Amino acid sequence: MKTQHIIIFDGVCNLCNGAVNFIIKRDHKDVFAFTPMQSETARALMTEYQLENIGFDSFILIKDGKYLLRSDAALEITKDLSGLWFLCRVFKVLPTGVRDYFYRVLAHNRYRIFGKKETCMLPTPELKSKFLK
């Protein structure tokens with residue numbers, strides 16, 4: 001797998017798991033790999049990028065040796081998805097602070113609205129290669 005883009009997500013969050021499944025279905029170029037924030041791999045990457053205190057409410061994209069957080073990460077991901085999802089990048093005209101305000105409100109309430117799992121999701125055998133150990 002020639003993965004160059006790593007997505008770090010909250011592995012027990014139903015919304016986050018839904019986002020991962022959404023991305024997988026639209027990742028026809030097979031450029032994304034995933035790791036739950038609760039994993040050793042994610043912790044090592046977060047240490048490497050000095051993101052240890054970022055919190056579980058952040059969505060992190062590591063691409064081309066740089067990291068993006070929250071709405072910047074989500075909008076950057078849409079560039080590599082099949083279909084017209086790249087059009088979501090129109091929201092880049094909004095200041096990051098405005099976009100991230102709404103991101104944080106949703107992230108703060110995600111467990112209450114969408115629920116959470118007791119443990120991180122386990123990928124199916126056919127998706128296992130998309131997840132970092």
Side-chain angles (χ1 to χ4, degrees):
M1 184 166 156
K2 58 181 185 331
T3 300
Q4 47 192 315
H5 313 325
I6 300 169
I7 296 173
I8 301 173
F9 66 101
D10 179 356
V12 298
C13 169
N14 287 336
L15 174 62
C16 303
N17 282 293
V20 167
N21 288 327
F22 177 89
I23 294 165
I24 288 171
K25 287 180 185 173
R26 290 154 184 84
D27 181 19
H28 294 170
K29 296 181 228 163
D30 199 30
V31 297
F32 292 105
F34 305 88
T35 187
M37 226 171 246
Q38 295 83 353
S39 73
E40 291 295 324
T41 300
R43 283 193 285 270
L45 286 166
M46 291 168 70
T47 298
E48 178 182 340
Y49 287 90
Q50 300 176 349
L51 298 169
E52 302 93 350
N53 299 320
I54 201 72
F56 285 99
D57 65 344
S58 291
F59 193 63
I60 303 167
L61 171 65
I62 298 174
K63 180 177 179 179
D64 300 328
K66 299 176 185 157
Y67 69 87
L68 295 150
L69 303 173
R70 302 177 191 93
S71 65
D72 284 334
L75 292 175
E76 185 67 23
I77 289 167
T78 65
K79 283 175 40 177
D80 295 304
L81 298 180
S82 64
L84 298 175
W85 293 102
F86 68 92
L87 294 174
C88 291
R89 293 186 46 79
V90 71
F91 291 107
K92 290 283 277 186
V93 300
L94 296 173
T96 301
V98 172
R99 286 184 278 118
D100 280 351
Y101 169 79
F102 291 103
Y103 177 96
R104 288 177 198 267
V105 168
L106 180 61
H108 180 72
N109 295 294
R110 71 192 187 282
Y111 293 150
R112 188 168 38 85
I113 297 169
F114 299 98
K116 72 185 248 186
K117 302 174 186 301
E118 292 299 315
T119 59
C120 292
M121 70 178 269
L122 293 174
T124 61
E126 53 272 10
L127 293 179
K128 208 168 202 162
S129 67
K130 299 207 54 84
F131 287 81
L132 303 177
K133 294 181 183 187

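Remember, it's a predicted structure, so these values are computed and weren't measured experimentally. Throughout, numbering of the chain's residues begins at 1 and tracks the sequence.
The shortest non-hydrogen separation linking L81 to D27 is CD2-N, 4.5 Å. Heavy-atom minimum distance, L94 versus R99: O-NE, 3.1 Å. Nearest approach of S39 to T35, heavy atoms of both residues: OG-OG1, 2.7 Å. For P36 against A42, the heavy-atom pair with the smallest separation is O-CB, 3.1 Å.
Hydrophobic clustering (side-chain heavy atoms under 4.5 Å, transitive across Ile, Leu, Val, Met, Phe, Trp, Tyr) groups M37 together with I62. Using a 4.5 Å cut-off between side-chain heavy atoms of Ile, Leu, Val, Met, Phe, Trp and Tyr, with links allowed through other members, I60 and Y49 fall into the same hydrophobic cluster. Both L51 and L132 belong to a common hydrophobic cluster when Ile, Leu, Val, Met, Phe, Trp and Tyr are linked at side-chain heavy-atom distances under 4.5 angstrom. A single hydrophobic cluster is not seen to contain both L61 and L15; linkage of ILVMFWY side chains at heavy-atom distances under 4.5 Å, directly or through other members, places them apart. Each of L69 and L75 belongs to its own hydrophobic cluster when Ile, Leu, Val, Met, Phe, Trp and Tyr are linked at side-chain heavy-atom distances under 4.5 angstrom.
Looking at heavy atoms from C-beta onward, K63 lies in side-chain contact with K79 at the 4.5 angstrom threshold. The shortest side-chain heavy-atom distance between D72 and T96 falls under the 4.5 Å cut-off. Annotation: side chain of K130 is in contact with side chain of D30 (closest heavy-atom distance under 4.5 Å). Under the 4.5 Å side-chain criterion, counting only non-hydrogen atoms from C-beta, L127 is not in contact with F34. Using a 4.5 Å heavy-atom threshold, the side chains of H108 and V105 count as separate. Side-chain contact between D57 and D10: absent, with no pair of heavy atoms (C-beta onward) separated by less than 4.5 Å. Side chains of F32 and I24 form no contact here, defined as non-hydrogen atoms less than 4.5 Å apart.
In this structure, K25 places its NZ atom where only 12 or fewer heavy-atom neighbours from other residues, nucleotides or ligands lie under 6.0 Å away. Enclosure of atom CD in Q50 is not indicated, since only 12 or fewer non-hydrogen atoms of other residues, nucleotides or ligands lie within 6.0 angstrom.
Side-chain atoms of N14 never come within 3.5 Å of backbone atoms of Y111 as a donor-acceptor pair (strictly under, hydrogens ignored). The main-chain N or O of Q38 is found under 3.5 Å from a side-chain atom of R43 such that the two form a donor-acceptor pair. Looking at R70, its side chain never comes within 3.5 Å of a backbone N or O of R104 through a donor-acceptor pair.
Taking the centre of each ring, F9 and F59 stay at or above the 6.0 Å mark.
Between D80 and R26, no side-chain nitrogen of the basic residue sits less than 4.0 Å from a carboxylate oxygen of the acidic one, so the salt-bridge criterion is not met.
To the nearest 0.5 Å, atoms OG1 (T78) and CG (L84) are separated by 11.0 Å.
Applying the ring-ring contact (aromatic ring centres under 6.0 Å, His included) rule to pairs touching residues 63-106 yields F22-W85, sequence neighbours excluded.
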